[in-house]
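In what follows, a structure is listed as structure tokens, so that the remarks can point back to it.
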Amino acid sequence: MSPSKKINELRSLLERHNHLYYVEARPEIADAEYDRLFRELETLEHQHPELDDPNSPTRRVGGAPLEGFNQVNHPVPMLSIDDVFTEEEVLDFYQRLQKNLGRKSITVTIEPKIDGVATSLVYRDGALAYGATRGDGLTGDEITANLRTIPSLPLTLKTPFPAMLEIRGEVFMPNKAFARLNEEREEAGLQTFANPRNATAGTLKQLDSRLVAKRPLAFIAHGLGAIEGLDLLSEGDFRSLLNSCSIPCNEPVWTTDSSNGVLSAIRELGQRRLELPYATDGAVIKIASLSDRAALGATSRAPRWAVAFKYPPEQKPTRLLDITIQVGRSGILTPVAELEPVSLSATTVSRATLHNESFIHDRDIRIGDTVLAHKSGEIIPEVLKVIIEDRPPGTKPFSMEEHLQGTCPACNSPIVRRANSESKERPVVTWWCENPLCPNKAVAALTHFAQRKALDLEGLGESVAIKLVESGMVKSPLDLFSLRIQELSGLLLDPARLQTGESSKPRRFGEKKAKLLIDSINDSKADQPLSRWIFAMGIPQIGESASRELSRLHKTLPDISSSEILRTICLLADLEEERKEVSPHNKDRPPRDDAERSARKKLHDALRERIQKAEDEIADYEISPDIGAVASRNLIAFFNSQHGKEFMQQFERLGLCPESANFLPRPSEASAATDMPLAGKTFVITGTLSQPRSIYKEMIEQGGGKVSGSVSGNTSYLLAGEGGGSKRDKADKLGVDILSEDQLISMLK
């Protein structure tokens, strides 16, 4: 099979599996098989840059940061929708439709109003041409690179498709994914997001699409912009087109031709929306006929043929009875509000997260206060604010240190205070237990270690983990590998709750369950790849994606513990921070005079040289942003800690040696035989050449050399066409040899 045909086959196959996994929620292959297909496509695309396609599934991991967003004009103005807040206003809207169209029966549709970020997608000849934000309705930011990272958004359409199609929809963060993201940020001591929409909007503003790819975004279409090459008559025709092109469509939808039907639909949606996997804040009512829409037209800001009924936000007062503290697997202490039970979004809420001490202080939350509670993103119970006028006398500001008397509630070890934030202006204050043998940390670590996405140990849930730790059988996850069936079968569990409301006697774990768990533990030694072991270790900031990337870069766990790649990533971050600090253009700390400016420029240029050298050392690996400076520092800190050293010693004593299932040797190591003509040489390419730069890049790499993006003291040759500008000037200054295309060809021969 030709490379072109194989690449197209892999792209089509991967897009199909993306749709099955992210849209239809019925995957057909395991993650490892998907990763294998993905890497095969990556390798082929690297070998054949002439077959590059911006809509390849490999672009979903993101690309290099942009300098800024370009502005694009919408083919059709992207208007807002007028809001109504009562059923009477809904009836008024329907009566206006009847009056303006001159008939009693008007067919309309009713669908959820997704609380996301409005986005326009333009497809030409079945491929995504660009995507943009709403902006001012006429012009928006072009955010195509960010949108390409969204798994549920199709990059190419299934046939048949119109010549040009503009889709309007919402980018959003599913509720469960948002909850997981906030849990991960809370575990790392970072500021949590207020709600899914804020998290989505902030993510889409990122100039680095590799960071966007790490966030769990999704897309759903709900409207038509411009279209060429196909005539549609109704909303039903539009939805049929979306389905045939495999574009996710807003559901559920009601169709009715009466005002009573509209009211019935918004009431039913008001109940059902709480079960939807994303945040909603209303019901969109719009005319089904596209010709009727055209006849009614629009005002300067909104169409006359649609309206959004906004459901009142469910916020209820309740009393804060107490603040308790939970201990996470990393040792972070999370305050929890113990509330007088209150009904919110169809469930009874008696506890709500308070995130961290900064959250409590910012809102001045005190025990005994009457607070306003809601569900953030309709899923996470949270204290919105304090009702100050109802505050009882004698309450005191809450202090974690005083409340805990300086010790961990689970093990009585001293606790430590940390200030951690992505924003230097507003640090997040968190408290941590650093005792590696803390029982609560051990339970959380065991539960994480055994979960399906980690080692998938059968029968080891939280209740069993608690008893294993309480009994002293297990102090850390690796102790599981020393368990015996006889001792495990005798483990006493909590009594079962009977239908009468009474409790039975304590239950034995039992020989059958013990054997299943022991077999599962033993099977994991051989069956589970390195990536799952890394994830199971529960190191902060090392999730599933980061674990897979680490196993691509390293073959074994000891390789990670002594990784030069991680140290280089940390060095780069330190050098870049220092470079920004000493820059003569630093607005926060400008030079005092010309002498300081000159000295700082010299130091700044030297730091840039060191940064380029460090970047060149790891450029071949094409490292995903999942392994950034924070993740690398956490890994290094773990392996250097006493706990990490003991873990590795126990790991080796047990004879555990999981290997990577997706390890790829460094390209330069795989091809840098000493007899290759360009072995050990570093090239920079500049100017206008007779062939695309990608062709010359591949020729150099196949000859054993490597290509860098900028000229430095480590550059061996500059391949220069017409022009070349600053790179040619710098090469002259550093004494770097400048080659023509013919000279490069001669070297290769």
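FYI, the numbering just counts along the sequence from 1.
- Within the 4.5 Å cutoff, no side-chain heavy atoms of Ser264 are placed close to those of Thr256.
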>> Please determine whether side-chain contact (heavy atoms from CB on, under 4.5 Å) holds for the pair Val90 and Val307, giving the CA-CA distance in whole Å, both sets of side-chain angles, and the decisive distance to 0.1 Å.
In response: CA-CA 8 Å; Val90 171; Val307 75; 5.8 Å; no
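- We find that Arg239 and Glu251 are not joined by a salt bridge, their nearest charged nitrogen and carboxylate oxygen being 4.0 Å or further apart.
- Judged by distance alone, with hydrogens and angles left aside, the side-chain atoms of Thr109 form no donor-acceptor pair with the main-chain N or O of Ala288 at under 3.5 Å.
- Taking the side chain as every heavy atom from C-beta outward, Leu41 and Ile7 approach each other to under 4.5 Å.
- A donor-acceptor pair shorter than 3.5 Å cannot be found between the side chains of Glu15 and Thr156.
- Using a 3.5 Å distance cut-off with no hydrogens or angles, the side chains of Asn634 and Gln541 do not pair a donor with an acceptor.
- If you run side-chain hydrogen bond (donor to acceptor under 3.5 Å, both in side chains) between Asn250 and each of His222, Glu170, Glu111, only Glu111 comes through.
- Of all the heavy atoms in Ile167 and Phe219, the pair that sits closest is CG2-CZ, 4.1 Å.
- Going from atom CZ of Phe161 over to atom CG of Asp125 covers 6.5 Å, rounded to the nearest 0.5 Å.
- Note: Lys316 NZ to Leu372 CG = 11.5 Å, rounded to the nearest 0.5 Å.
- The number of heavy atoms from other shown groups lying within 6.0 Å of NE2 (His585) does not exceed 12.
- Between Leu224 and Val76, the closest side-chain pair of non-hydrogen atoms is not below 4.5 Å.
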>> Applying side-chain contact (heavy atoms from CB on, under 4.5 Å) to Arg363 and Lys385, what does each step give before you reach the verdict?
In response: CA-CA 6 Å; Arg363 291 159 178 77; Lys385 67 175 185 177; 5.8 Å; no
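- For the pair Ser234 (side chain) and Asp237 (backbone), a donor-acceptor distance under 3.5 Å is present.
- Around CZ of Arg452, the count of heavy atoms belonging to other residues, nucleotides or ligands within 6.0 Å does not exceed 12.
- The residues Arg11 and Glu45 are annotated as salt-bridged, a charged nitrogen and a carboxylate oxygen being separated by less than 4.0 angstrom.
- In this structure, Asp83 does not pair ionically with Lys113, as no charged nitrogen and carboxylate oxygen lie closer than 4.0 Å.
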> Under the side-chain contact (heavy atoms from CB on, under 4.5 Å) criterion, do Thr353 and Thr334 qualify, and how do the steps go?
Replying inline: CA-CA 8 Å; Thr353 179; Thr334 303; 4.2 Å; yes
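- Checked by atom type and distance alone, the side chain of Ser12 never pairs as donor or acceptor with a backbone atom of Asn8 at under 3.5 Å.
- Looking at Pro303 and Arg293, their side chains never come closer than 4.5 Å, going by heavy atoms from C-beta outward.
- At a threshold of 4.5 Å between non-hydrogen side-chain atoms, the residues Asp292 and Trp305 do not count as touching.
- By the 4.5 Å heavy-atom criterion applied to side chains, Leu204 and Asp141 are not counted as neighbours.
- No more than 12 heavy atoms of other residues, nucleotides or ligands shown are found within 6.0 angstrom of NZ on Lys158.
- At a threshold of 4.5 Å between non-hydrogen side-chain atoms, the residues Val84 and Ile285 do not count as touching.
- In this structure, Arg273 contributes its side chain and Pro112 its backbone to no donor-acceptor pair below 3.5 Å.
- Taking both residues in full, the closest heavy atoms of Arg124 and Ala129 are given as CG-CB, 4.1 Å, listed atom of the first, atom of the second, then distance.
- Distance check: Gln71 CD to Asp136 CG gives 8.5 Å after rounding to the nearest 0.5 Å.
- Here CG of Leu165 is found 5.5 Å from CD1 of Ile247. Values are rounded to the nearest 0.5 Å.
- Ion pairing of Glu275 with Arg272 is absent here, as no side-chain N (NZ or NE/NH1/NH2) approaches a carboxylate O to less than 4.0 Å.
- Nearest heavy atom pair, residue Leu276 against residue Pro252, reads CD2-CD, 3.9 Å.
- A side-chain N or O of Thr139 and one of Asn73 form a donor-acceptor pair less than 3.5 Å apart.
- Listed for the Tyr278 side chain is no donor-acceptor partner under 3.5 Å among the backbone atoms of Ile114.
- Looking at Asp115, its side chain never comes within 3.5 Å of a backbone N or O of Ala279 through a donor-acceptor pair.
- Here the straight-line distance linking atom CG of Leu269 with atom CH2 of Trp254 works out to 4.5 Å at 0.5 Å rounding.
- Ser358 contributes a side-chain N or O that, together with a main-chain N or O of Val429, makes up a donor-acceptor pair within less than 3.5 Å.
- Summarising the geometry of Ile220 relative to Phe172, their closest heavy-atom pair is CG1-CE2, 3.6 Å, with the distance given to 0.1 Å.
- Using a distance-only test at 3.5 Å, with no hydrogens or angles considered, a donor-acceptor pair links the side chain of Thr203 to the main chain of Ala199.
- Counting only distance, with no hydrogens or angles, the side chain of Asn146 and the backbone of Lys205 share no donor-acceptor pair below 3.5 Å.
- Classification of Arg301 and Asp82 as a salt-bridged pair holds, one side-chain N sitting under 4.0 Å from a carboxylate O.
- Atom CG in Leu155 sits 8.5 Å away from atom CG in Asp53 (nearest 0.5 Å).
- Distance alone, capped at 3.5 Å, is enough to place a donor-acceptor pair between the Arg134 side chain and the Leu79 backbone.
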> Step by step, would you call Gln95 with Lys99 a side-chain contact (heavy atoms from CB on, under 4.5 Å)?
Replying inline: CA-CA 6 Å; Gln95 289 165 4; Lys99 178 182 177 181; over 6 Å; no
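- Minimum heavy-atom separation, Glu142 to Tyr130: CG-CB, 4.2 Å.
- Checking Glu166 against Ser120 by side-chain atom types alone, a donor-acceptor pair falls below 3.5 Å.
- Across every non-hydrogen atom of Leu97 and Arg304, the tightest pair is CD2-O, 3.8 Å.
- No side-chain heavy atom of Val386 sits under 4.5 Å from any side-chain heavy atom of Asp364.
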